[in-house]
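One structure is given here, and the rest of the page talks about it.
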Amino acid sequence: MMKKIGTWAFVILVALYLIGAIFGGDESSSSESNENEKSEEVLVKKYSNLPIKQGLSKK
């Protein structure tokens, strides 16, 4: 009896996890990508004016 209850509980937990993974992850990924794009733009602007060093090989 306990083994059946444990099995059903496991099946229900796996089903809830899969439903959450499929339907719940869309909003956070889109907002994270917008934040990443903004931070990349800031870094490009910050470092785009740096001088380029030539001849960095050791002699």
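Reckoned from all heavy atoms, side chains included, excluding hydrogens, waters and symmetry mates.
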query: If Ile, Leu, Val, Met, Phe, Trp and Tyr residues are connected whenever their side-chain heavy atoms lie under 4.5 Å apart, and connections chain through other members, are Leu50 and Leu43 in the same group?
result: yes
query: When rounded to the nearest 0.5 angstrom, what is the spacing between CE in Met2 and OG1 in Thr7?
result: 11.0 Å
task: Would you give the length of the straight line joining atom OH of Tyr17 to atom CD1 of Ile22, rounded to the nearest 0.5 angstrom?
output: 10.5 Å
task: Look at the side-chain heavy atoms of Ile, Leu, Val, Met, Phe, Trp and Tyr, link any pair under 4.5 Å apart, and say whether Phe10 and Leu18 land in one connected group.
output: yes
